[in-house]
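Throughout, protein chains are lettered first and strands after them, A, B, ... in sequence-line order, and every chain is numbered starting at 1.
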Number of protein chains: 2
Amino acid sequence: MPEQNGVEVCEFLCAHESVVSEVREHMPDEDTLFELAEFYKVFGDSTRIRILTVLCRHEMCVCDLATILSMNQSAISHQLRILKQARLITSRREGKQVFYSLADDHVRHILDTAIEHLAER
Amino acid sequence: MPEQNGVEVCEFLCAHESVVSEVREHMPDEDTLFELAEFYKVFGDSTRIRILTVLCRHEMCVCDLATILSMNQSAISHQLRILKQARLITSRREGKQVFYSLADDHVRHILDTAIEHLAER
DNA sequence: TAAACACATGAACAATTATTCATATGAAGG
DNA sequence: CCTTCATATGAATAATTGTTCATGTGTTTA
């Protein structure tokens, strides 16, 4: 079997060379695609989706989020950190409490687009 | 400590009751949010993102995808199955080969939206 | 119909990740 | 200051998931 980067590939009878090389030239670089996947990964968890859905309506302190989602405070805090690192949310402190809210309307738009897509099957 | 569904929650001094109940009433049902997360999860893997990126340009047989992405055929097939179950791609058989392509332009749009978002930091 | 080929798939394994538990930080009030 | 409360975080655990390996299915061709 022919190999490529140590990985077995099919006989190149199967490889449509012109298409393959054309696509290879136009591929975005690996880093961009990796970032893209990492970005989506943040949305790919129902706890985080639920948090974002709540924040779509109101800014919210950690404790209230925990109450609404019936989860313990620690779990919420961990997920908030991930959302914040991804710049999807921001926070402001008010005394002992920290209020979280959506970073911008882009996030709303991204959620809406997906909801539409699902609605259309 | 007060409890709710067996999970510890903060004293309700902290819970802003009117906001909490208002948000609770307007939450989409759990199933919808779960589906939404599952949907994003499909995009949240760089192999699948790379496959989709390739299919954005050309329909492609499994073997060529494996060649382009320098991965073995089995790994590609597994990921194609996930993409197909999520209705992001479709396939047609031509003799021994199976050609995969994007299910619709919605997928392109979803990818583009995220790329834009990342570009804006 | 037997062999070769492209692809699919189940099981095992490896890696990633969400949640919990215990504890730390940081602000407010006594 | 010392305590209390809201939140953050490190480590351990449990669950999920991507890749590999071996093999199965379906199609063409000799």
Asks: Output all residues satisfying side chain to side chain contact (heavy atoms under 4.5 Å, CB included) with A:R108, sequence neighbours left out; order by chain, then residue number.
Replies: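 Listed in chain order: A:C56, A:L102, A:D105.
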Asks: List the steps and the verdict of side-chain contact (heavy atoms from CB on, under 4.5 Å) for A:D104 and B:E120.
Replies: CA-CA 12 Å; A:D104 57 52; B:E120 299 176 21; over 6 Å; no
Asks: What residue pairs, at least two apart or across chains, pass ring-ring contact (aromatic ring centres under 6.0 Å, His included) with a residue in residues 52-85 of chain A?
Replies: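 Output for this query is empty, none listed.
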Asks: What residues, two or more places apart in sequence or in another chain, satisfy ring pair (Phe, Tyr, Trp, His ring centres under 6.0 Å) together with B:F99?
Replies: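 Result, ring pair (Phe, Tyr, Trp, His ring centres under 6.0 Å) vs B:F99: A:H16.
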Asks: In whole angstrom, what separates A:Q97's CD from D:dT4's P?
Replies: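 After rounding, the reported distance stands at 19 Å.
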Asks: Would you please name every residue forming a ring pair (Phe, Tyr, Trp, His ring centres under 6.0 Å) with A:H106, sequence neighbours left out?
Replies: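 Scan of A:H106 (ring pair (Phe, Tyr, Trp, His ring centres under 6.0 Å), adjacent residues dropped) gives B:H117.
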Asks: Provide, to the nearest angstrom, the distance between the CZ atom belonging to A:R92 and the C1' atom belonging to D:dA8.
Replies: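 One finds 18 Å between C1' of D:dA8 and CZ of A:R92, rounded.
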Asks: Just to verify, what does B:T113 make a side-chain hydrogen bond (donor to acceptor under 3.5 Å, both in side chains) with, not counting sequence neighbours?
Replies: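 If we apply the side-chain hydrogen bond (donor to acceptor under 3.5 Å, both in side chains) test to B:T113, skipping adjacent residues, there are no hits.
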Asks: A:E30: which residues meet the salt bridge (charged side-chain N to carboxylate O under 4.0 Å, His left out) condition with it, sequence neighbours left out?
Replies: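 Residues passing salt bridge (charged side-chain N to carboxylate O under 4.0 Å, His left out) with A:E30: B:R50.
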Asks: With a 4.0 Å cut-off on heavy atoms, is A:Y100 in touch with a base, just the backbone sugar-phosphate, or nothing at all?
Replies: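 Sugar-phosphate, backbone atoms only, no base.
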Asks: If I take atom CG in residue B:N72 and atom P in nucleotide C:dA6, what distance separates them, rounded to the nearest angstrom?
Replies: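 Between P of C:dA6 and CG of B:N72: 15 Å.
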Asks: Do B:S21 and B:E17 have side-chain atoms, one donor and one acceptor, less than 3.5 Å apart?
Replies: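 Distance-only check fails for B:S21 and B:E17.
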Asks: Please tell me if the side chains of A:L111 and A:F43 come closer than 4.5 Å, counting only heavy atoms from C-beta onward.
Replies: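 Counting from C-beta outward, A:L111 and A:F43 do come under 4.5 Å.
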Asks: Per the end-axis method with five pairs at each terminus, what is the bend angle of the helix from C:dT1-D:dA30 to C:dG30-D:dC1, to 10°?
Replies: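 End axes: 20° apart.
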Asks: Base, sugar-phosphate alone, or nothing: which one does A:I82 contact when heavy atoms must sit under 4.0 Å apart?
Replies: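 Result for A:I82 = sugar-phosphate.
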Asks: For A:E38 and for B:L80, locate the closest nucleotide of DNA chain C by heavy-atom distance; then report the residue assigned to the nucleotide nearer the 5' terminus.
Replies: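 Taking each residue's closest nucleotide, the earlier one in sequence belongs to B:L80.
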Asks: Can you find a side chain N or O atom of A:Q79 that sits less than 4.0 Å from OP1 or OP2 on C:dT19?
Replies: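 So the side-chain polar atoms of A:Q79 do come within 4.0 Å of the phosphate oxygens OP1 or OP2 of C:dT19, strictly under.
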Asks: Give me the distances for all protein-to-nucleotides 25-30 of chain D N/O pairs that come in under 3.5 Å?
Replies:
none

Asks: With salt bridge (Lys or Arg N to Asp or Glu O under 4.0 Å) as the rule and sequence neighbours excluded, what pairs involving residues 53-62 of chain A come up?
Replies: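 For residues 53-62 of chain A: A:R57-B:E22, A:E59-A:R92.
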Asks: Restricting to ring pair (Phe, Tyr, Trp, His ring centres under 6.0 Å), what partner residues turn up for A:Y100, sequence neighbours left out?
Replies: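 A:Y100 satisfies ring pair (Phe, Tyr, Trp, His ring centres under 6.0 Å) with no other residue.
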Asks: How many Å lie between CD1 on B:I51 and P on D:dT19, as a whole number?
Replies: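 Roughly 9 Å, once rounded to whole Å.
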Asks: What I'd like to find out is whether the side chain of A:T67 reaches to under 4.5 Å of the side chain of A:M60, using heavy atoms alone.
Replies: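 A:T67 does not reach A:M60 side chain to side chain.
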Asks: Under the side-chain contact (heavy atoms from CB on, under 4.5 Å) rule, what do B:L118 and A:E38 come out as? Steps first, then yes or no, please.
Replies: CA-CA 11 Å; B:L118 289 182; A:E38 290 302 303; over 6 Å; no
Asks: Find the distance A:Q85:CD to D:dA8:P and express it as a whole number of Å.
Replies: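 That distance rounds to 12 Å.
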Asks: Identify all pairs in which a protein N or O lies below 3.5 Å from an N or O of nucleotides 9-13 of chain C, and state each distance.
Replies:
{"residue": "C:dT9", "atom": "O4", "partner": "B:S74", "partner atom": "OG", "Å": "2.6"}
{"residue": "C:dG10", "atom": "O6", "partner": "B:H78", "partner atom": "NE2", "Å": "2.9"}

Asks: Out of curiosity, B:L33 CG to A:T53 OG1, how far, rounded to the nearest 0.5 Å?
Replies: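 It comes to 4.5 Å.
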Asks: Could you identify which residues of residues 40-50 of chain A place a heavy atom less than 4.0 Å from some atom of DNA chain C, listed by residue number, or say none?
Replies: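 Correct list: A:K41, A:D45, A:T47, A:R48.
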Asks: What is the distance from CD1 of A:I76 to C1' of C:dC21, rounded to the nearest Å?
Replies: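 Taking CD1 of A:I76 and C1' of C:dC21, I get 16 Å after rounding.
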Asks: Rounded to whole angstroms, how far apart are CG on B:L65 and C1' on C:dA8?
Replies: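 The distance from CG of B:L65 to C1' of C:dA8 comes to 15 Å, rounded to the nearest Å.
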